[in-house]
Amino acid sequence: MTAGGRHPIVAHMTLRTRFAPSPTGFLHIGGVRTALFNWLLARHHGGQFILRIDDTDQQRHVEDAVRRILDGFRWIGIDWDEGPEVGGTYGPYYQSERAELYRKAAERLVESGHVYRDYSTEAERTADRAAAEREKRAYRFRQLPITDEQAAQYEAEGRPFALRFRVPPGRTLVLHDLIKGDVEFATDEIGDFVIVRPDGTPLYNFASAVDDTEMKITHVVRAEEHLSNTFPQLLVFEALGAELPAFAHIPYVAEPGSKAKMSKRKIEEYEKSGILVYLHQYIERGYLPEALLNYLARLGWSFDASQEVFSRDELIEKFTLDRVNSSPASHDQDKLFWLEGEWMKTASPERKLEGVLPYLQKEGLIADPPTAADRERIGRVIEALGDRLKVFSDVIKLGRYFFTEELTHEPDAVKKRLRKDGVPAMLAELDQVLAETEPYDLATLEKAVHDYAERSGRKMGDVVNPLRVAVTGQGVGPGLYDCLVILGRESCRARIARTIQMLGKA
RNA sequence: GGCCCCGUCGUCUAGCCUGGUCCAGGACACAUGCCUUUCACGCAUGCAACACGGGUUCGAAUCCCGUCGGGGUCACCA
C-alpha cells in the first residue's frame, strides 16, 4: 500500500487543507505556523482552508478556548472557509458533535472485520507492558484469544469494551510524504490501536482519518511529531476504502539556540529570557500581525537565496511545499524583532497612533477616550520617536515622559551626563535660553542652543546631552529639539529647575 | 531500548535531487568604522558553517556506507 500520489497537486480538484487544534490553553506559535502553512497552501492553489476543533477529549470551557484561537487567527490574518462561526457543507466542525459519523464508521469497520472488541482491563495491559519491558521486547497489543462462549458471556454481562483496529502483520507501509520523501514503516511495529473508547468516544488516529475523509481534505499538513501516527491512520483510510489525502510533515519549531522542541514546562523560563512562545503574548506586546506572519512563514520555508521580507499577498503567491525545509528550525526572537522593526517602518502614523493608544490608556497617561489634545500630542511623539518605536508597547518605555510631569531620572544617565562640574550652572543658563527663545519652535531652538554652545565654548554634545537628561530623565531618545518642542517651554523649564534641585541635594 | 525523521556560520537559510561556476551566497545577531547631540535608522567592513570517518570520482556540501549527535514515536492524549 502506498499513500499520496507523485503528483499530488491535481488541477481538476479543489485543494483542501485543514488545521485541527484542540481547545486547550493558548495558541502556540508553532501551531500558528502549522496553520499558516496549511492556509498558504490552500490560498496559493485557490483551494479551501478548514478549521476543525479536536475536542474529543475535553468538555468544559471549550468555547472560551475556541474563541481565543479564532481571535488569534483573525488577528494574524488567517481566515477559514469552513469551520466554527462560518459553518460549511461538511460540518459540524467540532469533533464532539460528530459522534454519529464516528459511530457509523466504526460499525462499518467492525462489520468488515478490521476492528474487534477488546475486553482487556487496564491492569492486564499494564502487566503485559511491564512484562514486555522486563524481557526487553517491544510491547505491541494483539488480540487476546477469546472463545465464542466467553464473548457471549461478556456481552451478556454488558462488560465494557474498547474497539481496536486489527493491524495486519508483515506488511510494509510506504508514505510518499511531500516533505520527508518516501518513508517506510512495518506494520509489525504497530500495536492494535484503540479507535473507540468503551464510552463510545473516538480516538485521534481514528477520528482524524474519518474527518479528513468526510471533509474531503486533500492535503494534510501537520507537524512532524505526527509522522509515526500517520501509519495507523493509513490503515484506517484503507479499511474505510477512502481516498488518501497527500501528507506533508513539517519540522517542528525548536526552542531558541537548540534543536529541542519547545517545552510547555519551560514557558516561564523562556519568558524570563524574553522569549515569547504564545501568540497572545505578541498581541499583548503590540507586535504587528504582518511581522509575525512574515517571520513564521520564513521559519522552515524560504523562497530563494535572498528574500526575507514578504507581505501576506507575496507569501500566498510564492508559497509552495517543495520549498519547506525538512529539518527543524529553532525560534529566533532577534530575527522576529528585526522583521517587526521593518514592518513598523511601513505603518502609517494613523495606525501607529491607534496601536499605541491602549498602552497609554492602561498606564493612565491619557484620557479614555483620548481627547483631541491627547491625539495631537501622541501624533507628535510618534513622529519624534520614528524608527525607535518597534512594538506598540514601546511607547511607554520610550516616551512615558511626554505624558506626565513626573520626572524620574535614569541613574546611569545622571551619572554620565549630569554629575560633572559646572552642569547645574550650565542648566541654569540654558533655562534662560529657553525662556528667551522666540518663537519657541524647532529651528529657533536649535539655533539658540547652538549659539549658546559657541558662546560658552562648549562642544555640542556637552550641552545637548545634559539638557536631554534634564528634561526627559533619559540618556537616549528622540532628537533634543523634538523633545523640547513637544514638552513645551513651561514644562521644560520646570523640569530643568527640578533637575538642578535634585543635583544640589545629592 | 525498537522503529522513524533530521544534521551547512551562534540563529534563519541558499546551494544538495540534475557532482565542477562554492577556498560555500544572503539575512539576523555580534564587532568595528562612517553619519550623528544620545539612541534608533542608514551605509561600509569584519567575524563565522558543509557533524565525523571511510568510499566512489579527474573532482563531493552535493552520490554510497558507517559512526556520532539531535529529535519524534511506541497511550482507552492530541
Side-chain angles (χ1 to χ4, degrees), chain A residues 20-22 24 54-58 95 118 120 122 125 129 133 136-141 160-164 175 177 179-181 183-186 188-191 193-199 201-205 207-208 223-232 249 251-252 254 256-261 295 298-309 322-323 325-339 341 345 385-390 398 413 416-417 446 449-450 453 459-469 472 474-481:
Chain A
S22 68
T24 52
D54 272 15
D55 58 349
T56 52
D57 201 38
Q58 54 278 323
Q95 289 192 328
D118 168 30
S120 71
E122 192 177 348
R125 293 192 302 272
R129 196 172 289 126
E133 202 158 314
K136 286 187 189 293
R137 60 178 167 81
Y139 170 72
R140 309 273 180 248
F141 190 99
F161 59 86
L163 254 28
R164 273 192 197 260
L175 168 71
D177 192 90
I179 290 165
K180 301 289 184 183
V183 182
E184 294 188 357
F185 206 91
D188 292 341
E189 300 290 337
I190 309 170
F193 53 95
V194 174
I195 64 163
V196 178
R197 295 187 182 91
D199 68 1
T201 53
L203 267 83
Y204 176 73
N205 279 143
S208 181
E224 72 175 318
E225 60 243 40
H226 289 288
L227 186 57
S228 305
N229 283 148
T230 306
F231 298 93
H249 287 92
Y252 59 89
S258 136
K259 289 294 175 200
K261 220 181 137 201
Y295 169 75
R298 276 288 285 107
L299 199 59
W301 173 83
S302 66
F303 176 66
D304 59 19
S306 60
Q307 188 173 0
E308 301 287 345
V309 180
D322 60 301
R323 299 294 308 175
N325 227 92
S326 58
S327 58
S330 52
H331 174 46
D332 184 350
Q333 197 75 45
D334 286 334
K335 189 127 186 186
L336 205 198
F337 196 67
W338 169 73
L339 237 16
K345 285 180 197 168
L385 248 23
D387 293 341
R388 280 164 276 247
L389 187 81
K390 306 261 197 199
L398 265 28
K416 190 171 170 196
R417 306 295 191 188
E446 182 162 4
V449 173
H450 259 281
K459 286 189 283 190
M460 276 304 282
D462 293 337
V463 175
V464 165
N465 289 315
L467 185 51
R468 174 202 312 287
V469 181
T472 70
Q474 303 293 307
V476 301
L480 173 67
Y481 310 108

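Values below: all heavy atoms of this structure, side chains included; hydrogens, waters and symmetry mates excluded. Given the structure is predicted, the values throughout are model-derived calculations rather than measurements. Below, read A as the first sequence line, B as the second, and so on, with proteins coming before strands; counting in each chain starts at 1.
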Have a look at [X] and say if it touches a base, only the backbone sugar-phosphate, or nothing, with a 4.0 Å heavy-atom cut-off.
X: A329(A); answer: sugar-phosphate
X: S120(A); answer: base
X: P328(A); answer: sugar-phosphate
X: H226(A); answer: base
X: E224(A); answer: sugar-phosphate
X: P478(A); answer: base

Taking donor-acceptor contacts at under 3.5 Å, does the side chain of [X] reach the base of [N]?
X: N229(A); N: A78(B); result: yes
X: E225(A); N: G71(B); result: no
X: K335(A); N: C12(B); result: yes

For the side chain of [X], counting heavy atoms from C-beta on, which of [options] is nearest?
X: R129(A); options: A75(B), U37(B), A78(B); answer: A75(B)
X: A305(A); options: G7(B), C5(B), A14(B); answer: A14(B)
X: D387(A); options: A78(B), U38(B), C41(B); answer: C41(B)
X: S327(A); options: C6(B), A78(B), U11(B); answer: C6(B)
X: A162(A); options: U38(B), C12(B), C76(B); answer: C76(B)

Return the CG to CE distance between L467(A) and M460(A), rounded to the nearest 0.5 Å.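 With rounding to 0.5 Å, CG (L467(A)) is 9.5 Å from CE (M460(A)).
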Identify, between I179(A) and L389(A), the residue whose nearest nucleotide on RNA chain B lies closer to the 5' end.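 Closest to the 5' end, via its nearest nucleotide, is I179(A).
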Find which nucleotide of RNA chain B each of W338(A) and F185(A) is nearest to by heavy atoms, and output the residue with the more 5' nucleotide.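 Between the two, 5'-proximity favours F185(A).
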Nearest-angstrom distance, C1' atom, U21(B) to C65(B):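 So the two C1' atoms sit 29 Å from each other.
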Name the one of Y295(A), F337(A), Y252(A) that satisfies ring-ring contact (aromatic ring centres under 6.0 Å, His included) with H331(A)?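 Of the listed options, the one satisfying the test is Y295(A).
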Which class fits the ring pair F185(A) and F231(A): parallel under 30°, tilted 30 to 60°, perpendicular over 60°?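 If you compare the ring of F185(A) with that of F231(A), the planes turn out parallel.
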If I take atom CG in residue D177(A) and atom C1' in nucleotide G72(B), what distance separates them, rounded to the nearest angstrom?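 Distance check: D177(A) CG to G72(B) C1' gives 14 Å.
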OP1 or OP2 of C3(B) under 4.0 Å from side-chain N/O of R140(A):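 So the side chain of R140(A) is outside the cut-off, no N or O lying under 4.0 Å from OP1 or OP2 of C3(B).
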Within 45° of the axis and under 6.0 Å from the centre of the six-membered ring of F141(A), does NZ or CZ of R164(A) qualify?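 Positive - R164(A) is close enough to the ring of F141(A) and near enough to its axis.
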